[in-house]
Q: 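Okay, here's the structure, questions in a sec.
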Number of protein chains: 2
Amino acid sequence: MRESQRRPTIADVARKAGVSKTTVSRFLSDQAEYISEETYRKIEQAIQALHYEPSQMARGLKAKQSRLIGILVADIANPFTTAILRGAEDVCHRHHYSLLVCNSDNDPIKEQNYIRTLRSHHIDGLILHTTGANQSVLLALQKEKTPVVLLDREVAGMHVDLVGMDNAQATYDALNYLVCQGYNSIAYVTAPTADISTRMERVQAFQSFMADRKLQHTSIVFQIEGKASALPDFLTTFMEREDAHAKAIFTGNAVILLQVALAMQQLGYRVPDDVALISFDDPDWAQIVGITTVSQSAYEMGVLAAERLVARLGGDAGDPQRLYVTSTLQERDSTPKVAKG
Amino acid sequence: MRESQRRPTIADVARKAGVSKTTVSRFLSDQAEYISEETYRKIEQAIQALHYEPSQMARGLKAKQSRLIGILVADIANPFTTAILRGAEDVCHRHHYSLLVCNSDNDPIKEQNYIRTLRSHHIDGLILHTTGANQSVLLALQKEKTPVVLLDREVAGMHVDLVGMDNAQATYDALNYLVCQGYNSIAYVTAPTADISTRMERVQAFQSFMADRKLQHTSIVFQIEGKASALPDFLTTFMEREDAHAKAIFTGNAVILLQVALAMQQLGYRVPDDVALISFDDPDWAQIVGITTVSQSAYEMGVLAAERLVARLGGDAGDPQRLYVTSTLQERDSTPKVAKG
DNA sequence: TTGTATGCGTTATCAT
DNA sequence: ATGATAACGCATACAA
């Protein structure tokens with residue numbers, strides 16, 4: 001009885017085909033020109049019979065490349081992330097790279113561990129949706145010329161390709177729209193900004209817009225901390241505040257949007273009767289519920305990031321590029337025009 | 001100027017520390033007992049200074065294991081999949097495995113290619129959410145004793161661990177609930193069943209339930225084909241049909257639910273005024289919209305599958321196990337009790 | 001057109 | 001307590 005435990009190696013194929021390992025290797029590298037018909041056929045058969053598949057590990061050890069691309073994301077449960085993943089996966093698959101997916105959970109420590117792990121797996125490149133706090137570990141990667149593409153968020157001091165969005169502009173556009181619709185009392189609800197560049201940019205844009213329009217005193221920024229947050233309290237306070245103007249809530253991403261929508265529902269406030277609602281990200285259900293959103297094409301971001309990386313892996317040594325996808329305002333029922341009082 | 005391109009190897013560390021590779025290797029394998037304090041310190045410093053990280057490729061080549069676990073899913077955009085991914089990722093990370101994530105897009109060809117790729121990367125184990133049509137390729141994996149855990153769906157003829165749900169029971173429960181609420185004219189809308197065991201089980205359960213209750217003639221199964229489907233036509237026909245009973249639509253997963261909800265909205269039908277709505281899966285937004293669902297804990301499925309795999313990798317050679325998560329009916333506004341007429 | 005020998009980074013065996 | 005050496009599966013420089 002044949003012992004079929006061990007994976008067949010190139011040596012097994014060579015033996016079965018009655019040729020040398022070198023010849024089999026040539027076959028595998030598509031250097032068929034130097035192989036006789038007869039030999040070619042024999043090798044082909046041996047491979048078939050043994051179900052042989054070259055070991056990427058052994059290959060990589062020689063070639064110093066793994067055909068593995070790491071993608072380290074901050075929150076795998078976020079639909080924004082999922083869409084990115086899908087875009088990146090499509091491109092990588094097309095170029096015969098596989099994706100090593102890691103989830104930092106927005107935790108810098110976990111992120112750091114993962115960067116180490118990815119490095120140990122000898123990834124050819126990294127797509128990084130960062131927590132923002134790990135410049136130092138990334139240095140090692142850069143020294144070894146492992147290309148890194150930043151997704152959405154900046155890492156201070158890292159000059160590499162980045163695929164993102166003009167957050168200030170998108171924030172202005174959304175706020176401008178809200179004001180035009182008649183909302184002057186606006187709350188911006190964001191996840192903790194911490195070291196995350198995009199969140200900070202949006203908050204800053206919010207504040208500077210409000211200052212410009214002399215609306216500082218009717219507008220407010222609220223940062224959600226941890227799981228059991230003070231969100232309901234904040235919302236109640238905001239809603240009960242006496243205001244001369246119509247109220248609107250602007251959420252920083254789809255996860256926050258969900259939390260806010262749920263909390264409002266539980267508190268008994270109606271959208272858009274009691275308050276308007278607008279959000280960054282455009283989860284598929286926003287369409288059903290009818291929520292106005294600032295949509296950034298996450299799928300396209302994933303595609304662009306992966307393509308940038310593949311270009312680097314193909315030898316592109318140009319200056320770091322900054323690619324911005326455009327954001328689109330998806331106008332829906334949650335932000336109706338307010339009748340002037 | 002130091003040439004810092006090349007990744008430092010164990011040899012570099014040995015040289016810098018003034019010891020042999022073997023000693024460094026001992027240090028790395030936690031065999032510190034056999035190392036003098038002095039040497040230990042020197043090695044530690046050298047590693048720090050060089051930012052050395054052992055190569056998983058080289059290790060794997062010797063040890064015949066990669067610490068890579070493949071997870072091949074059918075639709076990465078489905079929130080059900082995302083939750084599974086998250087569960088699996090948590091467990092794998094805890095056990096120092098990394099996840100190679102592949103998306104077959106419900107395409108058997110793509111699935112087959114991916115199985116090959118994963119094999120070439122020498123994955124230690126595979127979590128498979130299958131299209132159902134690739135028994136033969138999986139054989140090669142099994143021969144090499146690479147453990148496979150099936151997720152949600154069966155592969156004909158493969159006797160391996162499976163983490164799933166009792167689909168017949170869940171379908172019965174949901175239908176029983178609908179009938180109790182007063183709905184006797186029920187449409188089940190499913191994605192193409194093809195070779196996908198769970199979808200077939202659900203359809204069969206639906207049909208057998210309807211036969212039991214003598215409701216064959218007021219109930220119907222509709223299968224969505226491709227993108228540009230005949231869904232709106234079907235819905236219109238179903239809605240316009242003269243029926244003695246209240247109507248309900250039962251969707252086979254969250255993706256279909258979204259399509260149906262959108263189509264109904266566009267056609268101008270109201271839920272639950274014109275028709276009740278219930279669905280398999282429990283996407284987070286079902287809560288907001290108020291849709292009754294049959295929730296299967298996808299996160300837990302991911303966890304269980306990964307744990308099963310880790311157990312196998314740890315040497316568990318017992319008989320294949322079948323693990324079933326329980327489903328829960330999440331009762332919401334989309335299925336109100338019908339006043340008897 | 002084909003084969004031999006060497007090395008990739010690591011661990012394991014056997015010495016010392 | 002430490003080191004020399006072979007081997008893992010493959011690709012490549014060099015021979016034939």
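Convention: sequence-line order gives letters A, B, ...; per-chain numbering from 1.
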Q: Let me know the distance between NZ of B:K21 and C1' of C:dG7, rounded to the nearest Å.
A: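 Whole-Å distance recorded here is 11 Å.
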Q: Nearest whole Å is fine: how far is C:dG7 P from A:M57 CE?
A: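 So the CE-P distance, A:M57 to C:dG7, works out to 22 Å.
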Q: What nucleotide among D:dG3, D:dC10, C:dG9 has an atom nearest to a side-chain atom of B:R6?
A: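 The answer is C:dG9.
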Q: Looking at A:R86 and B:D105, is there a salt bridge between them, counting it only when a charged N and a carboxylate O are closer than 4.0 Å?
A: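 Salt bridge flag = yes for A:R86 with B:D105.
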Q: Tell me the interatomic distance from A:I35, atom CD1, to D:dA11, atom P, rounded to whole angstroms.
A: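 Between P of D:dA11 and CD1 of A:I35: 12 Å.
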Q: On the nucleotide C:dC8, are OP1 or OP2 found under 4.0 Å from the side-chain N or O atoms that B:S55 carries?
A: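 Checking B:S55 against C:dC8: no side-chain N or O falls below 4.0 Å of OP1 or OP2.
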Q: Are B:S25 and C:dT11 close enough that a side-chain N or O sits under 4.0 Å from OP1 or OP2?
A: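 Yes, such a contact exists.
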Q: Hey, is the side chain of A:K64 poking within less than 4.0 Å of OP1 or OP2 on C:dG9, counting only N and O atoms?
A: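 Looking at the OP1 and OP2 atoms of C:dG9, one of them is under 4.0 Å from a side-chain N or O of A:K64.
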Q: For a quick check, tell me whether the side chain of B:R59 and the base of C:dT11 share a donor-acceptor pair closer than 3.5 Å.
A: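 Donor-acceptor pair under 3.5 Å: no.
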Q: Looking at C:dT1, does its base get a donor-acceptor pair with the side chain of A:R26 below 3.5 Å?
A: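 No.
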Q: Would A:R153 and A:D195 pass as an ion pair if we require N to O under 4.0 Å?
A: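 Not counted as a salt bridge, because no side-chain N and carboxylate O are separated by less than 4.0 Å.
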Q: Taking only the side-chain nitrogens and oxygens of A:T9, find out if one of them lies under 4.0 Å from OP1 or OP2 of D:dC8.
A: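 A:T9 to D:dC8 OP1/OP2: no side-chain N or O under 4.0 Å.
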Q: Measure the distance from OH on B:Y52 to P on C:dG9 and round it to the nearest whole Å.
A: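 So the OH-P distance, B:Y52 to C:dG9, works out to 10 Å.
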Q: Check the distance between C:dC8's P and B:D12's CG and give it to me in whole angstrom.
A: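 Result: 11 Å.
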Q: Return yes if the base of D:dA4 and the side-chain atoms of B:T22 contain a donor-acceptor N/O pair under 3.5 Å, otherwise no.
A: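 Such a pair exists between side chain and base.
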Q: Which heavy-atom pair separates B:D161 from B:D319 by the least distance, and what is that distance?
A: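 Heavy atoms only, the tightest pair is OD1-O, 4.2 Å.
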Q: Looking at the base of C:dT10, is there any donor atom on it, or on the side chain of B:K62, that sits under 3.5 Å from an acceptor on the other one?
A: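 Side chain to base: no pair present.
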Q: Quick one: closest heavy-atom pair of A:L68 and A:Y97, and the distance?
A: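 That would be N-CD2, 4.2 Å.
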Q: Output yes when a side-chain donor or acceptor of A:R312 lies under 3.5 Å from a complementary backbone atom of A:G318, and no otherwise.
A: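 Side chain of A:R312 to backbone of A:G318, a donor-acceptor pair under 3.5 Å: yes, one is there.
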Q: Expressed as a whole number of angstroms, how long is the span from A:Y34:OH to D:dA11:P?
A: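 Result: 17 Å.
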Q: OP1 or OP2 of D:dT2 versus the side-chain N and O atoms of B:T39: is any pair under 4.0 Å?
A: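 Checking D:dT2 against B:T39, a side-chain N or O does come within under 4.0 Å of OP1 or OP2.
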Q: Under 4.0 Å: is that the gap between some side-chain N or O of A:Y40 and OP1 or OP2 of C:dT2?
A: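 For C:dT2, OP1/OP2 do not have a side-chain N/O of A:Y40 under 4.0 Å.
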Q: Take atom CG of A:L61 and atom C1' of C:dG7, then tell me their distance rounded to the nearest Å.
A: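 Value for this atom pair: 9 Å.
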Q: If only side-chain N and O atoms of B:S20 are considered, is one of them under 4.0 Å from the OP1 or OP2 phosphate oxygen of D:dA4?
A: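 So the side-chain polar atoms of B:S20 never come under 4.0 Å of the phosphate oxygens OP1 or OP2 of D:dA4.
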Q: Let me know the distance between CZ of A:R119 and P of C:dG9, rounded to the nearest Å.
A: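 In whole Å, C:dG9 P lies 13 Å from A:R119 CZ.
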